[in-house]
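Below is one structure, written out as structure tokens, with a few remarks after it.
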2 protein chains.
Amino acid sequence: MAPHLKKVPACGPAPASNEEPDLRPVEGAGADEELALLAKAVGHPARVQILRLLVRRETCICGDIVDELPLAQSTVSQHLKVLKEVGLIRGEIDGPRVGYCIEPRTLRRLKSLIGSL
Amino acid sequence: MAPHLKKVPACGPAPASNEEPDLRPVEGAGADEELALLAKAVGHPARVQILRLLVRRETCICGDIVDELPLAQSTVSQHLKVLKEVGLIRGEIDGPRVGYCIEPRTLRRLKSLIGSL
DNA sequence: CCCGTCCATCGTAGATCCACGATGCATGGC
DNA sequence: GCCATGCATCGTGGATCTACGATGGACGGG
């Protein structure tokens, strides 16, 4: 899986003015489903911790996350997968390591959806 | 179906300037747990719909919620219970009916916690 | 090469969630 | 009193979540 991946300077450090307005609606059946999906992904303390770690450090860390949490490596990997599947974080291969970082677009989207309540 | 719609004061109609600053921190272990709990409660489409219904109508409706959702009455009652347990909504008995309404404090708290990410 | 590191995935057991119908418990009308 | 109504709760299957150790694959150092 994922055969060719070029060397990437991990995640973008500072997207500067990454201010796309996000045209999607914040209400309606689709938005409800989307909000539920994102909220469910945030609905676990370990994943909240991971999100905070990635937000705090501008530089994207990797398996240091495992050291920060009182969980086994496989468990942390699963939580990372959940966050990645809903698009809240992104992982980039960097040699033997993997760097994770926040996906600001999705995080902003979540804030918009919550804000619409 | 039901000759309904009795005039119900139920939940507080207009909280007016209910602008307490909410002194609790938005970070730390406790906040992480709290955010996870609230997010999990929102993490289901039916509960998002319920929240939207209650936010939209200033007047607090009751089992009309059951009519709005494609779910059995007992299932809706369980979802209401989940939302009530985390303090996102409140139910008040009014004769044979129960009026539900948003708890604005908790909703603001959720927005603060999400905003801290 | 061979090996150690880093991470993802598999397999699994126990807990929790989600849906439903059935039942229970009030209240209010007759 | 008696019954209908509105809602909560119980009980129960099936699905999903959460944790772990074990295994596997990719990479880089020796």
Side-chain angles (χ1 to χ4, degrees), chain A residues 1-8 10-11 32-33 36-50 53-54 60-86 88-101, chain B residues 1-11 32-33 36-50 53-54 60-86 89-101:
Chain A
M1 304 176 115
H4 47 288
L5 265 180
K6 222 51 204 306
K7 208 176 173 204
V8 186
C11 304
D32 287 359
E33 196 96 22
L37 223 62
L38 289 173
K40 184 189 274 187
V42 182
H44 192 286
R47 293 196 284 268
V48 173
Q49 276 188 267
I50 292 173
L53 271 172
L54 294 182
C60 315
I61 60 179
C62 68
D64 301 333
I65 302 174
V66 175
D67 299 334
E68 295 279 350
L69 301 189
L71 295 172
Q73 176 265 324
S74 57
T75 304
V76 172
S77 195
Q78 278 191 153
H79 285 303
L80 289 169
K81 187 180 180 184
V82 171
L83 291 172
K84 197 162 48 179
E85 278 174 349
V86 300
L88 274 169
I89 68 175
R90 188 176 29 171
E92 313 214 357
I93 299 177
D94 169 45
R97 303 161 191 265
V98 175
Y100 282 98
C101 63
Chain B
M1 205 178 223
H4 44 284
L5 278 192
K6 187 172 183 184
K7 235 165 178 211
V8 180
C11 304
D32 287 0
E33 197 95 22
L37 223 61
L38 289 173
K40 183 190 275 188
V42 182
H44 192 285
R47 293 195 285 266
V48 173
Q49 278 189 266
I50 291 174
L53 271 173
L54 294 183
C60 315
I61 59 180
C62 71
D64 299 335
I65 301 173
V66 175
D67 298 335
E68 293 280 351
L69 303 186
L71 296 171
Q73 176 265 324
S74 57
T75 304
V76 173
S77 195
Q78 278 192 153
H79 285 304
L80 289 169
K81 186 180 181 183
V82 170
L83 291 172
K84 198 162 47 179
E85 279 174 350
V86 302
I89 69 175
R90 190 177 28 170
E92 313 212 356
I93 301 178
D94 169 48
R97 302 159 191 266
V98 175
Y100 282 99
C101 64

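Below, read A as the first sequence line, B as the second, and so on, with proteins coming before strands; counting in each chain starts at 1. Worth saying up front: this structure is predicted, and the values here are computed from it rather than measured. Hydrogens, waters and symmetry mates are skipped; everything else that's a heavy atom, side chains included, is used.
- Going from atom NZ of A/K81 over to atom C1' of D/dT18 covers 14 Å, rounded to whole Å.
- A straight line from CG of A/D64 to C1' of C/dT5 spans 14 Å, rounded to a whole angstrom.
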Using a 4.0 Å heavy-atom cut-off to protein, can you give one letter per nucleotide of nucleotides 19-28 of chain C, 5' to 3': B if the base is in contact, S if only the sugar-phosphate is, - if neither? BBBB----SS
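- Between the C1' atom of C/dC17 and the CD atom of B/E85 lies a distance of 13 Å, rounded to the nearest Å.
- One distance of note links CD1 of A/I61 with CD1 of A/I50; it measures 9.0 Å at 0.5 Å rounding.
- Atom-to-atom, CD of A/E92 to C1' of C/dA8 comes out at 17 Å; the value is rounded to the nearest Å.
- Under the 4.5 Å side-chain criterion, counting only non-hydrogen atoms from C-beta, B/V42 is not in contact with A/V42.
- Taking atom CG of residue B/L83 and atom C1' of nucleotide D/dC7, one finds them 16 Å apart after rounding to whole Å.
- For A/E33, the CD atom sits in a loose shell: 12 or fewer heavy atoms of surrounding residues, nucleotides or ligands are nearer than 6.0 Å.
- Counting to the nearest Å, the C1' atom of D/dA4 and the CZ atom of B/R97 are 13 Å from each other.
- The CG atom of B/L69 sits 6.5 Å away from the CG atom of B/L53 when rounded to the nearest 0.5 Å.
- If you take CD on B/E85 and CG on B/L37, they are separated by 9.5 Å, rounding to the nearest 0.5 Å.
- B/L80 places its CG atom 16 Å from the P atom of D/dG6, with the value rounded to the nearest Å.
- Scanning both residues, B/Y100 and B/L54, for their nearest heavy atoms gives O-CD2, 3.6 Å.
- In this structure, NE2 on B/H44 lies 4.5 Å from NE2 on B/H79, to the nearest 0.5 angstrom.
- Between the CD atom in B/Q73 and the CG atom in B/D67 there is a gap of 10.5 Å [rounded to 0.5 Å].
- Heavy-atom minimum distance, A/K40 versus A/R47: O-NH2, 3.5 Å.
- Protein atom CZ of B/R90 is 18 Å distant from nucleotide atom P of D/dC7, rounded to whole Å.
- Comparing the axis of the opening five pairs of the helix from C/dC1-D/dG30 to C/dC30-D/dG1 with that of the closing five pairs yields an angle of 10°, rounded to 10°.
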